[in-house]
Structures are given as C-alpha cells and as structure tokens.
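First the structure, in the form of structure tokens, and then the observations on it.
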Amino acid sequence: MKLKTLVGTFALAALPASMSFAWADAAPEMTDAERAQAKQIYFERCAGCHGVLRKGATGKNLEPHWTKTLQDGNKVEGGTLKLGTNRLERIIAYGTDGGMVNYDDILSEKEINLMARYIQQTPDAPPEFSLKDMRDSWKLIVPKDKRPTRQMNKINLQNVFAVTLRDAGKLALIDGDTHKIWKVLDTGYAVHISRLSASGRYVYTVGRDGLTTIIDMWFEEPTTVASVRLGSDARSVDVSKFKGYEDKYLIGGTYWPPQYSIMDGETLEPIKIVSTRGQTVDGEYHPEPRVASIVASMTKPEWVVNVKETGQILLVDYTDLKNLKTTTIESAKFLHDGGWDGSKRYFMVAANASNKVAAVDTKTGKLAALVDTAKIPHPGRGANFIHPQYGPVWATGHLGDAVVSLISTPSEEAKYAKYKGNNWKVVQELKMPGAGNLFVKTHPKSTHFWADAPMNPEREVAESVYVFDMGDLDKAPVQLNVAKDSGLPETTAVRRAVQPEYNLAGDEVWISLWGGKTDQSAIVIYDDKTLKLKKVITDPAVVTPTGKFNVFNTMHDVY
Ligand code: DHE
C-alpha cells in the first residue's frame with residue numbers, strides 16, 4: 001500500500017517581492033517535445049489550482065522567480081528558499097501540508113522531473129478566445145424543431161444521475177430507480193459540473209477543456225443536441241431560471257480566457273462574451289481573474305458570477321443583453337465554490353485563501369456578511385439543515401482543517417426569530433478525522449449529514465465517508481470505508497471516496513469511488529437510514545467517476 005507523505009509547505013508568499021535574488025541564468029533545458037508534453041500535463045493537472053499564468057490562487061504562485069534554482073545554493077537572506085528541480089520534484093511527488101496533493105501515484109518519475117523543469121520556464125500564455133471563435137466552434141446537432149415535443153421514454157427523469165467520468169471525457173446518465181446506466185455520452189474532457197435546465201429536460205455539461213454540451217433527455221435515448229467551446233479551460237455553467245426566462249439563456253464561466261459567455265439556452269448559439277480582467281479587492285490589476293462558481297438567482301433575473309482572483313462577485317442581469325447591467329460586490333479572495341442557504345435568498349461562496357465565506361443577499365444585491373471560518377473552506381454547494389440548538393444553518397467542510405463549519409443563516413419564519421443573534425456566525429464545528437474534505441450533503445427528509453475527505457493524506461480516510469447524526473451532532477461520525485465496501489481489489493492508486501449525492505426520495509446516498517484511470521472505479525450506494533451498503537455499480541464504463549448530479553436535487557438546489 002502506498003501512502004501519501006507530507007513535506008513542508010512552500011512558505012514563499014511571505015517573502016518580500018522587492019528582495020533581489022541571484023537567479024540562475026536559465027531555466028533547465030527542455031526539448032520542444034518535452035515542453036509540449038509538460039504543457040499538456042500542466043493544463044490537465046496543475047492549471048486549475050495554480051492558474052495558467054501561474055500567478056497562484058488555490059495553489060501557490062509558480063512563476064520562475066519562485067521556482068527557478070538560485071545560483072547561491074538556494075539560500076536567500078532572511079529565509080531559506082529551496083526550490084529548483086530537486087525540491088520541486090519532491091513537492092510534486094509527495095504533496096505538501098498546504099493542500100497540494102501527491103502525484104507519485106499519478107505521474108511517472110520521468111513526468112515528475114519533466115514538470116519540475118517545466119515550471120521553472122516562463123509560463124506559456126494560451127491564445128485569447130473571441131465571440132467569433134466561439135461562433136466558429138458552435139455545432140447545432142439537432143435544431144429545436146427536430147426535437148421531441150414530449151418525453152419519448154419511460155425513465156423517471158427526476159431520478160436520473162448525471163455522473164462525470166472524468167478522465168474518459170464522458171458523462172454517464174444513470175437511472176436512479178434501477179441503478180442501471182442509461183447512456184454514456186461524449187463530452188468535453190473532465191466534465192466539471194452538470195447543471196439542469198429549469199424544465200428538467202436538458203442536462204448541460206462543461207468540460208475542463210471549455211467544451212459545453214446540451215443533452216436532451218426527451219429522446220428515446222439521451223441525445224447531445226448542441227455543443228460549443230467557451231475557451232480553453234472552464235468550470236461552471238448555469239441556465240436562466242427566473243419566471244419568464246426559464247431556459248432562455250445559458251451562461252458559462254472560463255478559467256482561460258478569464259471571461260463569461262452568454263448563449264441561447266436551447267441551442268447554445270453564442271450571444272455575448274464579457275471579460276473579467278480587472279482590479280482585485282486589494283486594488284491590484286490581475287490579468288487572469290478566473291470565473292469560479294455561477295448560480296442562477298430565483299429572486300431576480302440574474303446570475304451570481306464569482307470571480308476567483310479579484311474577489312468580486314458579479315450580479316449579471318440578463319433582461320437586456322445589449323445593455324448589460326452588472327452589480328459588482330466586493331468580497332474576499334479567492335472565490336471558489338458555493339451554494340444557497342435554506343431560504344435561497346443568500347448565496348454562500350467560499351473565499352478559500354482568506355478562510356472566509358461570503359454571503360450575497362440576492363434580494364438587496366449587497367454583501368450580507370463575510371464569515372470567518374477555519375482554514376480553506378470548500379463547500380461544494382454546502383448543506384442546509386435545522387440545527388437542534390441553533391436553528392437554520394448552512395454547512396461547509398474544509399480542505400485545510402479537520403472540521404465542518406456550521407454557519408447560522410437568517411430566516412423570515414417567525415419560529416426561527418430567536419436564533420437571529422447567531423446569524424452569520426460559525427455556531428459549531430463538527431470534528432472530522434482529518435483535513436481534506438471536499439463535499440458535504442444532507443437532504444430535507446434525512447437525519448444524516450455526510451462528509452467526504454478525499455484529499456486527506458491517509459489512505460483510509462481518503463477512501464471513506466463520515467456520517468453525522470443530526471439529532472446529536474456532538475457524537476463522533478460513523479466511518480464508512482467506501483473502498484472496502486465496494487468489494488473491489490485494492491489498487492496502487494488511492495481510490496478517493498468523493499461527493500455524496502442523494503437520490504430523489506432522499507433515502508439513498510451515492511458516493512463516487514474515484515480510482516486511477518486504468519483501475520475499475522465504482523459508484524457505491526448506501527441506504528441513508530441504516531447506512532448499509534445497497535448497491536455497487538462497477539460497469540467497465542465507470543472510469544474515474546467524480547461529480548454526480550441528481551436531476552431533481554440539482555434543479556431545485558436540494559442540499
Ligand atoms: Fe471542482 C465544483 C473548480 C478540482 C469536482 N469546482 C467546482 C466549482 C469550481 C471548481 C469553480 C463550482 C462550479 C459551480 O458551482 O458553478 N475544482 C475547481 C478547481 O479549480 C480545482 C481546484 C482544480 C482543477 O484543476 O479543476 C477543482 N473538482 C476538482 C477535483 O479534483 C474534483 C474533486 C474532481 C474533478 O472532477 O475534477 C472536483 N468540483 C467538483 C465537483 C463539483 C465542483 C463534483 C460540483 C459540486 C457540486 O455539488 O455542485
């Protein structure tokens with residue numbers, strides 16, 4: 001069994017920018033072929049956290065002034081700077097306790113050496129992507145008038161799960177009633193999220209490579225009816241949901257180029273691109289402010305667009321796209337993922353490097369609060385429930401700390417008025433076995449609260465999920481070892497148990513067992529009441545499953 005080893009953090013950000021260093025004259029040599037290979041690996045594995053221009057966000061800054069070997073043996077006045085090829089190789093292989101995961105079970109020694117040399121070179125800036133480029137990439141595969149006018153199959157669409165098959169560049173639609181794979185469709189590479197049309201008929205996917213697809217579930221078999229490229233690196237997409245605008249527009253956010261794009265919601269025909277380059281909340285210009293989470297408001301015809309590097313939250317009004325009105329709300333860096341509070345008035349978004357959660361009031365269009373939390377909040381969409389002592393709370397796990405934070409959220413219901421004094425405070429921290437949580441989940445019909453820990457360095461923790469009893473939150477959670485329960489033979493790569501998702505009835509919880517690309521992975525289903533194993537889906541098509549999105553729960557933001 002190969003365990004992740006932790007080494008020290010970079011501890012670089014604290015060094016003054018003005019410090020003058022004796023840099024090695026040149027970065028280590030690379031052939032053109034090596035550079036091309038490293039560029040591809042960097043895009044697939046590193047750019048998400050460190051940025052295309054390597055300015056850093058969730059991950060550290062990796063520009064050559066930090067990474068290149070120093071001539072004087074890697075020592076600088078006032079501190080020790082130990083980068084250069086050897087040190088970088090160790091960090092890439094074994095990870096750091098700052099949140100960098102180990103790659104010794106994903107990349108070969110040769111590839112690790114390649115990456116250690118590559119990140120000492122000047123970053124490659126990919127080309128920009130214009131509205132014309134987007135239009136050129138647009139494929140309307142089935143026009144609207146050639147699509148069914150009613151559902152042509154007997155599947156219970158509300159209980160379908162859209163499952164990302166990350167490294168296969170595919171999406172599986174799984175029938176939640178029968179647990180059978182309905183169809184596997186080609187998508188962009190490493191679909192990050194799926195979102196649902198307001199009608200529940202269309203699934204929208206967005207690949208890390210910027211390819212967005214729209215899948216129509218009314219055909220006898222799900223069919224991709226259009227696709228378009230948003231740029232070269234993307235993470236988020238959502239549809240217009242406000243009354244009168246249901247499914248009219250789709251918005252997609254890109255990491256590269258840093259911008260958001262608006263399309264027709266049923267054909268994906270490109271309409272508009274808006275750049276997010278500009279000033280950070282600290283008053284500095286940033287050339288790569290990436291679009292992180294996006295969500296459609298139910299309160300107004302607006303999307304909430306969270307810009308990572310600037311810490312600015314944009315409320316984009318989609319009623320008049322020619323004369324686009326945007327409200328810009330200052331919050332904190334670096335904005336990442338988030339979800340609605342129980343009332344669906346406040347959008348809660350993690351400002352992960354600031355150890356804060358920003359709450360946006362979508363009714364007033366203002367920042368309601370910046371809540372201090374434990375290290376590196378990572379909510380996914382978070383989870384809402386009524387706490388026995390503190391009333392309505394929204395929960396987030398943490399990548400950097402062994403707790404789940406419960407934040408008190410406001411409610412207009414008179415029975416919760418007594419909890420008002422606690423609003424926007426962390427009222428309880430639930431103890432986890434370690435850091436490395438990515439996703440939490442509960443359901444209005446459940447008494448359980450589920451949390452994963454896939455980024456924990458201990459194999460056993462990363463391969464398990466933890467279930468809290470919401471009636472007694474002081475009790476330690478029950479550990480379910482998903483890898484063992486799957487019955488699959490142990491593999492070299494850690495099989496991370498990731499992203500609990502409920503079914504329509506709220507009585508089953510689905511967990512992805514995310515193994516290596518050539519290993520058999522699985523979707524493991526538990527009975528939510530008894531916590532007993534119910535089903536293991538191990539079809540050979542299940543390659544590197546990660547996110548799962550139940551149609552009904554995604555449409556109605558049930559979490
Ligand atoms: Fe995610 C959500 C970005 C790594 C699985 N991820 C999100 C969102 C963003 C984001 C901005 C919110 C989208 C929204 O709601 O509109 N994720 C990033 C990264 O930048 C990061 C750190 C590095 C990268 O290179 O992508 C990253 N994410 C991962 C993974 O490694 C995960 C575990 C596996 C994978 O498929 O890549 C992963 N991210 C997810 C999932 C969601 C998500 C499953 C949606 C959660 C939900 O419940 O809505």
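Just so you know, ligand 1 is whichever comes first in the structure, and atom 1 is the first atom listed for that ligand. Counting begins at 1 with the first residue of the sequence.
Residue Ile294 places a heavy atom under 4.0 Å from ligand 1. Residue Thr164 places every heavy atom at 4.0 Å or more from ligand 1. Judged by the shortest distance from any of its heavy atoms, Glu501 lies outside the 4.0 Å radius around the atoms of ligand 1. By the 4.0 Å heavy-atom criterion, Phe549 is counted among the residues contacting ligand 1. Using a non-hydrogen distance threshold of 4.0 Å, Arg45 does not register as a contact of ligand 1.
For atom 47 (C) of ligand 1, the closest non-hydrogen atom on the protein side is Arg381 NE, 3.2 Å. Protein heavy atom in closest approach to atom 8 (C) of ligand 1: Asp337 CB, 4.2 Å. From the protein, the heavy atom lying nearest to atom 45 (C) of ligand 1 is Ile193 CG2, 3.5 Å. For atom 41 (C) of ligand 1, the closest heavy atom belonging to the protein is Phe439 CZ, 3.4 Å.
Aromatic ring centres of Trp340 and Phe347 lie closer together than 6.0 Å. The aromatic ring centres of Trp510 and His179 sit less than 6.0 Å apart. Taking the six-membered ring for Trp, Phe385 and Phe449 have ring centres closer than 6.0 Å.
The atoms of ligand 1 that sit less than 4.0 Å from any heavy atom of Gly547 are 44 (C). Per-residue contacts place Ala292 under 4.0 angstrom from the following atoms of ligand 1 (heavy atoms of the residue considered): 11 (C). Taking every heavy atom of Cys49 and a limit of under 4.0 angstrom, the matching atoms of ligand 1 come to 22 (C), 23 (C). Interface atoms of ligand 1 facing Tyr255, defined by a heavy-atom separation under 4.0 Å, are 3 (C), 11 (C), 18 (C), 19 (C), 20 (O). Atoms of ligand 1 found under 4.0 Å from any heavy atom of Arg166 (numbered from 1 in listed order, with element): 35 (C), 36 (O), 37 (O).
Salt bridge present: Lys441 and Glu501 bring a charged side-chain N and a carboxylate O closer than 4.0 Å. Using a cut-off of 4.0 Å between Lys/Arg side-chain N and Asp/Glu carboxylate O, Glu246 and Lys241 are scored as not salt-bridged.
For atom 21 (C) of ligand 1, the nearest non-hydrogen atom from the set His50, His378, His336 belongs to His336. Within the set Thr546, Leu438, Val206, the minimum heavy-atom distance to atom 33 (C) of ligand 1 is found for Leu438. With Glu44, Arg235, His192 as candidates, the residue nearest to atom 7 (C) of ligand 1 on a non-hydrogen basis is His192.
Checking only distances, Gln499 does come within under 3.5 Å of ligand 1, N or O to N or O. Not one N or O of Trp514 is nearer than 3.5 Å to an N or O of ligand 1, by distance alone.
Contacts between Arg208 and ligand 1 below 4.0 angstrom, taking non-hydrogen atoms only, involve the side chain exclusively. Contacts between Arg195 and ligand 1, counted as non-hydrogen atom pairs separated by less than 4.0 Å, involve the side chain only. Contacts with ligand 1 closer than 4.0 Å are made by no heavy atom of Tyr559, backbone or side chain.
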Leu268 and Leu250: CA distance, side-chain angles, deciding distance, side chain to side chain contact (heavy atoms under 4.5 Å, CB included) verdict
CA-CA 7 Å; Leu268 304 189; Leu250 188 77; 3.6 Å; yes
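In this structure, Arg54 satisfies the cation-pi test against Tyr42, with its NZ or CZ atom closer than 6.0 Å to the six-membered ring centre and inside 45 degrees of the ring normal. Geometric assessment of Arg235 against the ring of Tyr255 yields a positive cation-pi assignment under the 6.0 Å and 45° thresholds.
Of the possible polar contacts, one joining the His448 side chain to the Asp528 backbone as a donor-acceptor pair under 3.5 Å is found. The closest donor-acceptor contact from the side chain of Trp303 to the backbone of Tyr318 lies at 3.5 Å or more, if one exists at all. Under a 3.5 Å cut-off, the side chain of Asp452 and the backbone N or O of Leu438 do form a donor-acceptor pair.
Evaluated for a side-chain contact (heavy atoms from CB on, under 4.5 Å) with Arg195, the options Asp238, Val203, Ile294, Val239 yield exactly one hit, Asp238.
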Please output the side-chain donor-acceptor pairs of residues 396-404 that fall under 3.5 Å, not counting sequence neighbours, one pair per line with the distance.
{"from": "His398", "atom 1": "ND1", "to": "Ala374", "atom 2": "O", "distance (Å)": "3.3"}
{"from": "His398", "atom 1": "ND1", "to": "Lys375", "atom 2": "O", "distance (Å)": "3.1"}
{"from": "His398", "atom 1": "NE2", "to": "Ser405", "atom 2": "OG", "distance (Å)": "2.6"}

